Structures are given as structure tokens and as C-alpha cells.
*Asks:* 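Quick one: the structure is below, and I'll ask about it shortly.
It should be emphasised that the depicted structure is a prediction, and the values quoted were computed from it without experimental measurement.
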Amino acid sequence: MANFAKSRVPRFSAEVYQNPYLPAGGREVHAIVTVTATGGGTTGGRPVPRAGTGGPDAGVVIMVDCSGSMDHPPAKLRGAREATAAALDTLRDGVGFAVVAGTHRAVEVYPGGGRLAAAGEATRAQAKEALRTLTAGGGTAIGSWLRLTGRLLSSAGAGIRHAILLTDGRNEHESPRELRDALDACSGSFTCDARGVGTDWEIKEVTAIASALLGTADIVADPAGLTADFTRMMETAMRKEVADVGLRLWTPLGAETVFVKQVAPTVEDLTGRRRESGPRSADYPTGSWGDESRDYHLCLRVPAAGIGEEMLAGRVSLIFSAPDGDPAQSPPRPLPQGLVRALWTDDVAASTAINPQVAHYTGQAELAQAIQQGLDARKSGDIDGATEKLGRAVQLAGASGNEETAKLLAKVVDVVDTATGTVRLKAKVAEADEMTLETRSTKTVRVKK
């Protein structure tokens, strides 16, 4: 395990789990890299600020859907107001914040003037008063909400830049391309947790927003649950200490990266987000970090070698812009390193053994895929296909100890035998239960120690 510690910089550690042994002619190397960040008093529980900006250490924007459907039933908009007020109460004093009302356009509710307000007793009270003016009406164009949020957070010069987005419907007043362009424009400038309230919103839209902006996605089927959910999200945001952390992967001449995936706490494919950072080196964005641990699955393809030969297949490190210098001028600072090795052997037992961590997370990724495929088959009327895939999901959830996912699956299928994945589709399934399973399908459990 490698460690790095410096004043005002959170401590990171990186640990690699793999079976380095390959058979003759073997080329693919798999490894799980566990990255852990601990504040440990290095920042006093506050985010690392961007030096020279003069801005707040963190900035947060809450985007509230105010389209016409939010008044059907009225509990949705009422719940959104109460949840936003609770989130504002969770803000640390001095954090920059704003509230945006989203319809077919984006409107600054508070403080206005294209800026953020500094959280304090007076500004919280003013913002809550402004929330009383929120009314439902108009359409939904989420890309415009995101672009305004990006401008507000960029103007403040905050170190940690985070947003919460709440919607209850589909993005019907702009094209999918317009939303995609907005996400591309905002990617890397802030992170965003996205929530769907009720059951009339589009899962793939909400999860795509959270994925592109390195946040979380979830369903709040009952508006009464919004306050607790918003409070949890804001508490998590307030614990973030360093922004824009990248996973840097170096591979030797002749080697290539097959994929890089986050596999805990959720499955997220980072392969397509690769950004070249030097000779045979690339960075993959991971967003903001607090005291937490995440796991990544790397698959590397190396040149074949002879029995007894060994090579360094890859080197992993964490990077972010140094807090004691201008990020625009200072190169990213490397943090701990983890080494991925390849060693060719004629020992069949050694070369065919699968590392427990690699096996576990391969199963968790398959679990998420099986749920998605099973639900898609169910929606299309393919009963046999849905039964097969959801049965496999039940089997995988049981074998890995993913109890939460197992409980969600049990609301969609009747489980006959967990070990064999024998299930029967339920004749009637509540829409909220099916949407919850789909939205949370990528949540994983850690390897049992």
C-alpha cells in the first residue's frame, strides 16, 4: 500500500488486488484498485480551497423542477420546497449557494444577479422566503437548468462545486442532443446528484445526468421522503474535501487499456472518459472526495511473453491540482501509486486462479447488467428472457451478499430458489418498485473480509 500526506491535503491510499500469473500466451491482466481518502485532520473537515480565487471553499446550487406536473399532486412541489429548505439548513456557514427554478427555462430564485450567496442565518432565511414564491407551470428543459448552474458555480471560484437536481417528468421541451450538449459543457465543472420524484420521470435521463456529472441518481417515489433525501445529499456534499480528483493510469510500451470501471459503491464505466496526460499515460475523472473508499476494476492487455518473464503491466496513481498553487499554472499533483504486474507461468493452478476481489466485482457488474436486461425484457413482453435474466440477478445478489438488491428483486419476482436463480415473474408489480430496482441496479456491496 502506498500513502501520501501533506498539510491541507487529504491522505489517500491505493491498494491493488490481483492474480498476476498468466499462462503462456496470456495477455489480459485484471486488477481491483481500492482507493481510500481520509481527511484525518489535514483540512480540519473543510474542503481544500482553490488558491488565489478568493471564492468560497464550496459552492452548491439546488435545481427544483417547477414544471406544471409538479402540481399533480401538489405534494410534490410542497415537498420540494420543504426539502430545499432542509438542505439549506445543512449548509456550512460561508458556503456559496443558489436556488434555481427549472421549467422550459431556468430562473434564479435566490440570490439572483448571476451569483451565489454566502450561507448564513440571514441568507438562509431570505432563501426560504424566496422558496414560497415557487409555483408550478411550464415545461421541462433540463439542459438549460444545468447550463445556468454551471455559470453560477464557475463565477464563484469555489473549490468544491456541487449541485442537486430534482425532476418529476421527462425532458420534453428540448431535444436529447441539447441535453447531451449541456452535459458535455458541464462535465468536469461540477458534480451533480439527480433525483426523480414520483413515477412519471425517465430513468435513463436522470441516471445519464448523474453519470455524466459524477453524482448519484435515485428515486423518491413519495414526496414525503424528499426532505430526508435532500438532507443526506447535502450532508455528504459538505463532507467533500478535495475536488477534481483523477485516476491516472500509466501502461508500458506495447500494453493497452481494455477498460477502467468504478465498481464500488456503484458500477460506472470510466473507459470512455479517458484523457491523455502524457506518454502512455491517461487520466480518468472521479469527481470530489471526502472521507471515503472506492474500488476500480482495471483490465489491461499486455504483449505475450515467455514462461518465467515478468513485467509491470500498469501503474495507478491519484492526481489533483495542488491547493497551494494556481491550478491553471500548477501541474496536477500525483498521490499514491499502485502497481499492476504480469508474470507468466506454466503452473496451471496459479494461472487459472481468480482473485476474490476481481471475481466479486465481476459478479456485481454482471448483476447490474442482468437487472437491466431483465427489466427491459419484461417491458417488451419477453417473459422467458425476463425470467432468465432476473433469475440470474437473484442468484448473483444472493451469492455476493447484496441484500438490498435482493430485497428489491423480491418485489418484482417470486423467488423459488436463490442458489439456482429459479424465479417466477410477479403478475402485478408496483411501478415504483420496478423503477426503484432499475435506478438502484448499479449499487454494489464491498467484498466480505
*Asks:* Is the shortest side-chain N to carboxylate O distance from Asp291 to Arg239 below 4.0 Å?
*Replies:* no

*Asks:* Considering all heavy atoms of both residues, which atom of Ala24 and which atom of Ile307 are nearest to each other, and what is their separation?
*Replies:* CB-CD1, 3.8 Å

*Asks:* Rounded at 0.5 Å granularity, tell me how far CZ in Arg11 sits from CD in Glu241.
*Replies:*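 Result: 10.5 Å between the selected atoms.
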
*Asks:* Is it true that a side-chain atom of Asn355 and a backbone atom of Val358 form a donor plus acceptor pair closer than 3.5 Å?
*Replies:*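 Here the side-chain-to-backbone pair exists.
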
*Asks:* Once rounded to the nearest 0.5 Å, what's the spacing between atom CD1 of Ile142 and atom CD of Glu172?
*Replies:* 10.0 Å

*Asks:* Begin with the C-alpha distance, continue with both residues' side-chain angles, and end with the deciding distance and a verdict on side-chain contact (heavy atoms from CB on, under 4.5 Å) for Arg280 and Leu253.
*Replies:* CA-CA 7 Å; Arg280 302 188 298 280; Leu253 187 65; 4.2 Å; yes

*Asks:* Is a salt bridge present between Arg341 and Glu310, judged by a nitrogen-to-oxygen distance below 4.0 Å?
*Replies:* yes

*Asks:* When you check the side-chain N and O atoms of Asp193 and His162, is any donor under 3.5 Å from an acceptor?
*Replies:* yes

*Asks:* Hey, what do you get for NZ (Lys411) to OG1 (Thr436), rounding to the nearest 0.5 Å?
*Replies:* 7.0 Å

*Asks:* Looking at every heavy atom in both Ala386 and Ala377, which two are closest together, and how far apart are they?
*Replies:*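 Closest approach of Ala386 to Ala377, heavy atoms only: N-CB, 3.5 Å.
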
*Asks:* With side chains defined as the heavy atoms from C-beta onward, is the minimum distance between Ser288 and Asp244 less than 4.5 Å?
*Replies:* no

*Asks:* So which atom in Gly308 and which in Leu343 form the shortest heavy-atom distance, rounded to 0.1 Å?
*Replies:*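 In this case the closest contact between Gly308 and Leu343 is O-CD1, 4.2 Å.
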
*Asks:* Tell me the closest heavy-atom pair linking Pro303 and Arg27, and the distance in Å.
*Replies:* CA-NE, 4.3 Å

*Asks:* Closer than 3.5 angstrom, by distance alone: can the side chain of Arg92 be matched with the main-chain N or O of Met238 as a donor-acceptor pair?
*Replies:* yes

*Asks:* When the ring centroid of Tyr21 is compared with that of Trp344, is the distance short of 6.0 Å?
*Replies:*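 That pair fails the under 6.0 Å test.
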
*Asks:* Does the side chain of Phe230 come within less than 4.5 Å of Glu235's, by heavy atoms?
*Replies:*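 Of all side-chain heavy-atom pairs linking Phe230 with Glu235, none is under 4.5 Å.
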
*Asks:* To the nearest 0.5 Å, how far apart are CG in Leu116 and CZ in Phe97?
*Replies:* 9.0 Å

*Asks:* Quick one: does any side-chain atom of Thr422 pair with a main-chain N or O of Thr418 as donor and acceptor, under 3.5 Å?
*Replies:*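 The answer is no, because no donor-acceptor pair under 3.5 Å joins these two groups.
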
*Asks:* Among Val340, Val316, Val33, whose side chain to side chain contact (heavy atoms under 4.5 Å, CB included) with Leu249 holds?
*Replies:* Val316

*Asks:* His104 vs His173 aromatic rings, parallel, tilted or perpendicular, using cut-offs 30° and 60°?
*Replies:* tilted

*Asks:* Any side-chain heavy-atom pair from Tyr17 and Asp295 closer than 4.5 angstrom?
*Replies:*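 Not touching, per the 4.5 Å side-chain cut-off.
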
*Asks:* Is any side-chain heavy atom of Thr405 closer than 4.5 Å to one of Arg440?
*Replies:*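 Not in contact.
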
*Asks:* Is a donor from one side chain sitting under 3.5 angstrom from an acceptor on the other, for Asn171 and Glu202?
*Replies:*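 The answer is no; no qualifying pair exists.
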
*Asks:* If we ignore hydrogens and angles and just use 3.5 Å, is the side chain of Arg105 paired with the main-chain N or O of Gly102 as donor and acceptor?
*Replies:* no

*Asks:* Checking side-chain polar atoms at under 3.5 Å, does Thr345 have a donor or acceptor matched by the opposite partner on Asp347?
*Replies:*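 No, no side-chain donor-acceptor pair sits under 3.5 Å.
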
*Asks:* Would the distance check show the side chain of Arg424 and the main-chain N or O of Val413 forming a donor-acceptor pair, the cut-off being under 3.5 Å?
*Replies:*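 Flag not set: sc Arg424 to bb Val413 has no pair under 3.5 Å.
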
*Asks:* Taking atom types as modelled, find out whether Asp218 and Thr439 have a side-chain donor-acceptor pair closer than 3.5 angstrom.
*Replies:*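 Per modelled atom types, Asp218 and Thr439 side chains form no pair under 3.5 Å.
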
*Asks:* Let's go through Glu205 and Arg170 carefully: what are the C-alpha distance in whole Å and the side-chain angles of both, what is the deciding distance for side-chain contact (heavy atoms from CB on, under 4.5 Å) to 0.1 Å, and is it a yes or a no?
*Replies:* CA-CA 8 Å; Glu205 283 182 350; Arg170 294 170 175 82; 4.3 Å; yes

*Asks:* Is the closest basic N to carboxylate O distance between Glu366 and Arg392 below 4.0 Å?
*Replies:* yes

*Asks:* Leu213 vs Leu146, test: side-chain contact (heavy atoms from CB on, under 4.5 Å). Steps then yes/no.
*Replies:* CA-CA 10 Å; Leu213 301 180; Leu146 294 168; 4.0 Å; yes

*Asks:* In terms of heavy-atom contacts, does CD1 of Ile354 have more than 12 from other residues, nucleotides or ligands at under 6.0 Å?
*Replies:*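 Check fails, neighbour count at 12 or below.
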
*Asks:* Do side-chain atoms of Glu178 reach the backbone of Ser175 as a donor and acceptor pair under 3.5 angstrom?
*Replies:* yes

*Asks:* Do the side chains of Glu292 and Arg294 get close enough for a salt bridge, i.e. N-O under 4.0 angstrom?
*Replies:*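 Salt bridge between Glu292 and Arg294, a charged N being under 4.0 Å from a carboxylate O: yes.
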
*Asks:* If we ignore angles and hydrogens, is there a donor and acceptor under 3.5 Å between the side chains of Thr266 and Gln262?
*Replies:* yes

*Asks:* Just how far is it from atom OG of Ser277 to atom CD1 of Ile319, taken to the nearest 0.5 Å?
*Replies:* 7.0 Å

*Asks:* Are Asp433 and Lys407 within salt-bridge range, i.e. N to O under 4.0 Å?
*Replies:* no

*Asks:* Does this structure show an ion pair linking Arg275 with Asp283, if we count only N-O contacts that are shorter than 4.0 Å?
*Replies:*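 Salt bridge flag = no for Asp283 with Arg275.
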
*Asks:* Does the side chain of Leu183 reach to within under 4.5 Å of the side chain of Ile209, using non-hydrogen atoms?
*Replies:* yes

*Asks:* Does Lys379 NZ have over 12 foreign heavy atoms under 6.0 Å away?
*Replies:*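 It does: Lys379 NZ has more than 12 such atoms within range.
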
*Asks:* Shortest non-hydrogen contact from Leu375 to Val412?
*Replies:*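 Closest approach of Leu375 to Val412, heavy atoms only: CD2-CG1, 4.4 Å.
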
*Asks:* Are the side chains of Ser281 and Glu276 in contact, using a 4.5 Å heavy-atom criterion?
*Replies:* no

*Asks:* Answer yes if the side chains of Asp65 and Ser67 hold a donor-acceptor pair under 3.5 Å, and no otherwise.
*Replies:*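 Distance-only check passes for Asp65 and Ser67.
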
*Asks:* Under a plain distance cut-off of 3.5 Å, with no hydrogens placed, do Gln395 and Thr420 share a side-chain donor-acceptor pair?
*Replies:* no

*Asks:* Determine whether the side chains of Ser211 and Arg273 contain a donor N or O and an acceptor N or O closer than 3.5 Å.
*Replies:*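 Yes - a donor-acceptor pair under 3.5 Å links their side chains.
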
*Asks:* Mind jotting down which residue pairs meet the side-chain hydrogen bond (donor to acceptor under 3.5 Å, both in side chains) criterion with at least one end in residues 144-156? Sequence neighbours excluded, please.
*Replies:*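 Of all non-adjacent pairs touching residues 144-156, none passes side-chain hydrogen bond (donor to acceptor under 3.5 Å, both in side chains).
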
*Asks:* If you take all heavy atoms of Gln337 and Arg315, which pair is closest and at what distance?
*Replies:* OE1-CD, 3.2 Å

*Asks:* Hey, could you give me the CG/CE distance between Leu166 and Met233, rounded to the nearest 0.5 Å?
*Replies:*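 Reported to 0.5 Å precision, the distance equals 7.5 Å.
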
*Asks:* Is any side-chain heavy atom of His297 closer than 4.5 Å to one of Val267?
*Replies:* no

*Asks:* I'd like to check Lys204 versus Glu438 (side-chain heavy atoms, cut-off strictly below 4.5 Å). Are they in contact?
*Replies:*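 Side-chain contact under 4.5 Å: yes.
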
*Asks:* Can Asp168 and Ser69 be counted as having a side-chain donor-acceptor contact under 3.5 angstrom?
*Replies:*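 Yes, a side-chain donor-acceptor pair sits under 3.5 Å.
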
*Asks:* Would Tyr296 and Thr286 count as a side-chain contact (heavy atoms from CB on, under 4.5 Å) here? Give the steps.
*Replies:* CA-CA 10 Å; Tyr296 298 89; Thr286 68; 3.5 Å; yes

*Asks:* Say whether, by atom type as modelled, one donor and one acceptor occur between the side chain of Thr167 and the main chain of Gly196 under 3.5 angstrom.
*Replies:*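 Judged by distance alone, no pair lies under 3.5 Å.
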
*Asks:* Could you check whether any side-chain N or O of Thr191 sits under 3.5 Å from a backbone N or O of Gly215, counting only pairs where one atom can act as donor and the other as acceptor?
*Replies:* no

*Asks:* Are Asp181 and Arg177 within salt-bridge range, i.e. N to O under 4.0 Å?
*Replies:* yes

*Asks:* Quick check: does any side chain N or O of Glu309 sit under 3.5 Å from a backbone N or O of Gly306, one acting as donor and the other as acceptor?
*Replies:*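 Yes: the side chain of Glu309 pairs with the backbone of Gly306.
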
*Asks:* One pair to check against salt bridge (Lys or Arg N to Asp or Glu O under 4.0 Å): Arg378 and Asp382. What are the steps and the verdict?
*Replies:* CA-CA 6 Å; Arg378 186 179 181 277; Asp382 180 2; over 6 Å; no

